[in-house]
**Student:** 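Pasting a structure here, questions to come.
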Amino acid sequence: MKRFIITLTFLLLNYLPAYSVVQNLDLDSIIEVALEQNQDIKIKRLELDAVKKDIKIANRLQNPQIQSNVVIGNVALGNCSQAGLALPIEVLKRGLRKKAALENYSLKETELKQFEHNFKLQIMQAYFDVLYAKSVYRIQEERLKLFETLVKITTDRPKHSSYEIDNLKADIQYATQKIAVNRAHANMLAKQFELNKILNTGNQDVMYDTIESSLLDEDWKFLHFKIPDYEFLERTAFKYSYMIKISEKDIAKSEYELKLAKNQRIPDVEIAGGYAWQYHRNANPHYGGAFVGGGMNLPILYNFTPDIQKAELFLQRSKANKKAYEHQLKYELKKDYNIFKYSAENMEYSKQILADSNKIVELSTKRYIDAKNNYSDLIINANAHQEVLTQYLETMSRHFYSYLELMQDIGHDILIEEEIL
């Protein structure tokens with residue numbers, strides 16, 4: 001299965017340039033493109049437009065009814081025929097229904113903003129994953145160059161038996177490293193396709209890629225964030241969190257729906273009017289005139305008690321959801337805060353380790369060329385450096401993911417847009 005995926009990836013890579021133009025953009029530009037062109041967001045916005053129509057639907061007036069009562073024959077003696085209009089009128093319901101619809105629209109609008117916020121974080125992670133894969137690919141390529149150099153060195157050495165063995169080892173390790181390079185290359189391509197899948201712009205003629213070549217050269221700003229105190233983060237979360245705002249709007253909507261359910265018990269009225277006349281051979285042809293009428297529905301057979309109880313349960317549920325979320329949010333923030341704080345500290349250690357490891361590899365390679373240490377020592381140092389590079393990228397990855405988790409739980413763009421960190 002893995003071979004099939006790798007083969008398919010290479011086939012896509014070969015055919016893609018003939019049909020797509022690769023655009024290298026920075027993270028902010030890719031987020032801007034995604035928010036404008038993403039098909040899922042377009043669908044969400046259409047759904048929001050549909051919810052907006054519910055406001056006018058909720059504010060609708062009842063249509064008038066045409067009524068007539070025409071009597072003929074002997075029954076018309078002393079009785080009149082009638083024709084006119086009747087207008088049903090809701091009492092203390094239409095306004096509440098409109099307010100509930102307005103709150104529902106505001107709730108859905110906030111949910112769309114939350115979706116866009118989470119979508120930004122998803123793009124940030126996918127963008128980082130591409131850079132991570134590019135970095136691994138670069139590390140594997142540099143390691144391949146090392147073994148290529150070792151093959152050349154061991155080939156040029158005097159033909160002693162030990163050097164012949166070194167040469168064979170270098171050949172094997174060079175071929176093995178080629179496999180690692182190909183795997184890293186395939187994984188990098190897969191992450192690039194995954195980024196474009198998430199962007200989902202609907203444009204097959206353009207493939208988006210990161211503007212940076214790797215994580216090893218760029219001085220990412222998130223690595224230098226000043227960590228605020230926990231109290232500041234908690235205040236920010238409780239003020240700007242989309243989830244809290246959604247909970248509050250859900251409570252407001254439920255309150256209006258409860259009031260509306262109670263007001264269903266208020267009888268609606270109906271007013272009518274029109275023209276009445278008598279049509280009989282003994283009746284005066286000028287004997288006719290207007291009539292007025294009225295009516296009222298009485299909630300006797302069904303008094304809407306189940307509707308009211310259901311609305312009360314929904315209101316209780318909305319309040320419980322808000323309270324539960326606020327309670328859990330504090331623990332999530334404390335967890336995210338500590339993970340982010342210690343991951344930032346680990347980044348500093350990791351950068352120093354990487355610098356020292358680079359120096360060791362340089363010295364070890366030079367000493368082997370000068371015949372001051374053996375091949376095994378050089379390989380041990382090279383493998384150790386490989387582990388250091390891998391640990392450095394993993395430390396950076398955990399630090400960045402901890403930042404995204406903190407953003408997720410705070411639940412608002414304020415950390416991105418205003419860069420308060």
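Source: prediction; values computed, not measured.
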**Student:** State whether the side chain of R265 and the backbone N or O of K262 hold a donor-acceptor pair below 3.5 Å, judged by distance alone.
**Tutor:**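 No, because the side chain of R265 does not come within donor-acceptor range (under 3.5 Å) of the backbone of K262.
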**Student:** Looking at K52, I'd like to know if its NZ atom is crowded, meaning that more than 12 non-hydrogen atoms belonging to other residues, nucleotides or ligands lie closer than 6.0 Å.
**Tutor:**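 For K52, atom NZ is not crowded (no more than 12 foreign heavy atoms under 6.0 Å).
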**Student:** Determine the minimum heavy-atom distance between V361 and N381, stating which atoms define it.
**Tutor:**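 Where V361 meets N381 most closely, the heavy atoms are CG2-O, 3.9 Å.
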**Student:** Are any of the side-chain heavy atoms of E405 and F340 separated by less than 4.5 Å?
**Tutor:**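 E405 vs F340: side chains apart.
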**Student:** Please step through salt bridge (Lys or Arg N to Asp or Glu O under 4.0 Å) for the pair K113 and E109, ending with a clear verdict.
**Tutor:** CA-CA 6 Å; K113 292 179 180 178; E109 188 177 35; 5.1 Å; no
**Student:** Once you round to the nearest 0.5 Å, how far does CG of L315 lie from NZ of K319?
**Tutor:**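 If we round to the nearest 0.5 Å, L315:CG and K319:NZ are 4.5 Å apart.
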**Student:** What do the steps show when you test D268 against K93 for salt bridge (Lys or Arg N to Asp or Glu O under 4.0 Å), and what is the final call?
**Tutor:** CA-CA 9 Å; D268 293 333; K93 299 178 182 66; 2.7 Å; yes
**Student:** Checking side chain to side chain contact (heavy atoms under 4.5 Å, CB included) for the pair F128/K191: CA distance, chi angles, key distance, verdict?
**Tutor:** CA-CA 10 Å; F128 180 87; K191 294 300 181 182; over 6 Å; no
**Student:** How far does NZ of K372 sit from CZ of R367, to the nearest 0.5 angstrom?
**Tutor:**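 One finds 6.0 Å between NZ of K372 and CZ of R367.
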**Student:** Check this for me: does any side-chain nitrogen of one of E348 and K351 sit under 4.0 Å from a carboxylate oxygen of the other?
**Tutor:**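 Yes, charged N to carboxylate O under 4.0 Å.
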**Student:** Starting at CG of D26, measure out to CD1 of I211 and round the result to the nearest 0.5 Å.
**Tutor:**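 Reported to 0.5 Å precision, the distance equals 5.5 Å.
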**Student:** Decide yes or no for Y105 and D54: does some side-chain heavy atom of the first lie under 4.5 Å from some side-chain heavy atom of the second?
**Tutor:**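 Of all side-chain heavy-atom pairs linking D54 with Y105, none is under 4.5 Å.
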**Student:** What distance separates Q173 CD from I379 CD1, expressed to the nearest 0.5 Å?
**Tutor:**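 Going from CD on Q173 over to CD1 on I379, the span is 4.0 Å.
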**Student:** Using every non-hydrogen atom in the two residues, find where A34 and I41 come nearest and quote the distance to one decimal.
**Tutor:**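 Taking A34 first and I41 second, the nearest heavy atoms are O-CD1, 4.4 Å.
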**Student:** Is the closest side-chain heavy-atom distance between Q62 and E90 below 4.5 Å?
**Tutor:**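 Yes; the side chains approach each other to less than 4.5 Å.
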**Student:** Ignoring hydrogens and geometry, is there a side-chain-to-backbone donor-acceptor pair from S135 to L215 under 3.5 Å?
**Tutor:**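 Checked: pair present.
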**Student:** Among T210, D209, N187, whose side chain to side chain donor-acceptor pair (under 3.5 Å) with Q192 holds?
**Tutor:**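 Among T210, D209, N187, the one that satisfies the side chain to side chain donor-acceptor pair (under 3.5 Å) with Q192 is D209.
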**Student:** Please examine the side chains of E255 and I251, heavy atoms only from C-beta on, and report whether any two atoms are closer than 4.5 Å.
**Tutor:**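 Heavy-atom side-chain distance check passes, below 4.5 Å.
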**Student:** Set out, in order, the CA-CA distance, both residues' side-chain angles and the distance that settles side chain to side chain contact (heavy atoms under 4.5 Å, CB included) for M124 and F400, then state yes or no.
**Tutor:** CA-CA 9 Å; M124 292 173 69; F400 186 68; 4.2 Å; yes
**Student:** For I123 and I30, run side chain to side chain contact (heavy atoms under 4.5 Å, CB included): C-alpha distance rounded to whole Å, both residues' side-chain angles, the deciding distance at 0.1 Å, then the answer.
**Tutor:** CA-CA 8 Å; I123 294 172; I30 282 188; 3.8 Å; yes
**Student:** Please round to the nearest 0.5 Å and tell me the distance separating atom CG of D250 and atom OG1 of T110.
**Tutor:**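 So the CG of D250 and the OG1 of T110 are separated by 11.0 Å.
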**Student:** Assess whether a salt bridge exists between K120 and E116, defined as any Lys/Arg side-chain N lying under 4.0 Å from an Asp/Glu carboxylate O.
**Tutor:**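 Salt bridge absent between K120 and E116.
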**Student:** Start with the C-alpha gap between E141 and Y137, add the side-chain angles, then the distance that decides, and say whether side chain to side chain donor-acceptor pair (under 3.5 Å) holds.
**Tutor:** CA-CA 6 Å; E141 280 194 316; Y137 177 56; 2.9 Å; yes
**Student:** Take R143 and N383 through the test side chain to side chain donor-acceptor pair (under 3.5 Å) and record every step on the way to the result.
**Tutor:** CA-CA 9 Å; R143 186 171 170 80; N383 289 336; 2.3 Å; yes
**Student:** Within 45 degrees of the ring normal and closer than 6.0 Å to the centroid, is that where the cationic atom of K99 sits relative to Y256?
**Tutor:**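 Ring-cation test returns no.
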**Student:** Name the residue from E111, K249, E248, K245 that meets the side chain to side chain donor-acceptor pair (under 3.5 Å) definition with S106.
**Tutor:**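 Answer after filtering E111, K249, E248, K245: K249.
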**Student:** What do the steps show when you test I353 against D356 for side chain to side chain contact (heavy atoms under 4.5 Å, CB included), and what is the final call?
**Tutor:** CA-CA 5 Å; I353 293 171; D356 292 343; 5.8 Å; no
**Student:** Who passes side-chain hydrogen bond (donor to acceptor under 3.5 Å, both in side chains) against N346, sequence neighbours left out?
**Tutor:**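 With sequence neighbours excluded, N346 shows a side-chain hydrogen bond (donor to acceptor under 3.5 Å, both in side chains) to no residue whatsoever.
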**Student:** Rounded to the nearest 0.5 Å, what separation is found between the CG atom of L260 and the CG atom of L92?
**Tutor:**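 Going from CG on L260 over to CG on L92, the span is 10.5 Å.
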**Student:** Using a strict 4.0 Å threshold on nitrogen-to-oxygen distance, state whether E142 and R138 make a salt bridge.
**Tutor:**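 Looking at R138 together with E142, the answer is yes, because their closest N to O distance falls below 4.0 Å.
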**Student:** Measuring centre to centre across the rings, with the benzene-like ring taken for any Trp, is F304 within less than 6.0 Å of Y302?
**Tutor:**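 Close enough - the centres of the two rings lie under 6.0 Å apart.
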**Student:** For the pair Q39 (side chain) and T201 (backbone), establish whether a donor and an acceptor sit closer than 3.5 Å, ignoring hydrogens and angles.
**Tutor:**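 A pair under 3.5 Å: yes.
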**Student:** In terms of heavy-atom contacts, does CD1 of I66 have more than 12 from other residues, nucleotides or ligands at under 6.0 Å?
**Tutor:**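 Not buried by this count: 12 neighbours or fewer within 6.0 Å.
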**Student:** Any chance NZ of K239 has more than 12 other-residue heavy atoms, nucleotides or ligands included, within less than 6.0 Å?
**Tutor:**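 Not more than 12 within 6.0 Å, no.
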**Student:** Has E47 got more than 12 heavy atoms of other residues, nucleotides or ligands less than 6.0 Å from its CD?
**Tutor:**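 Yes, enclosed.
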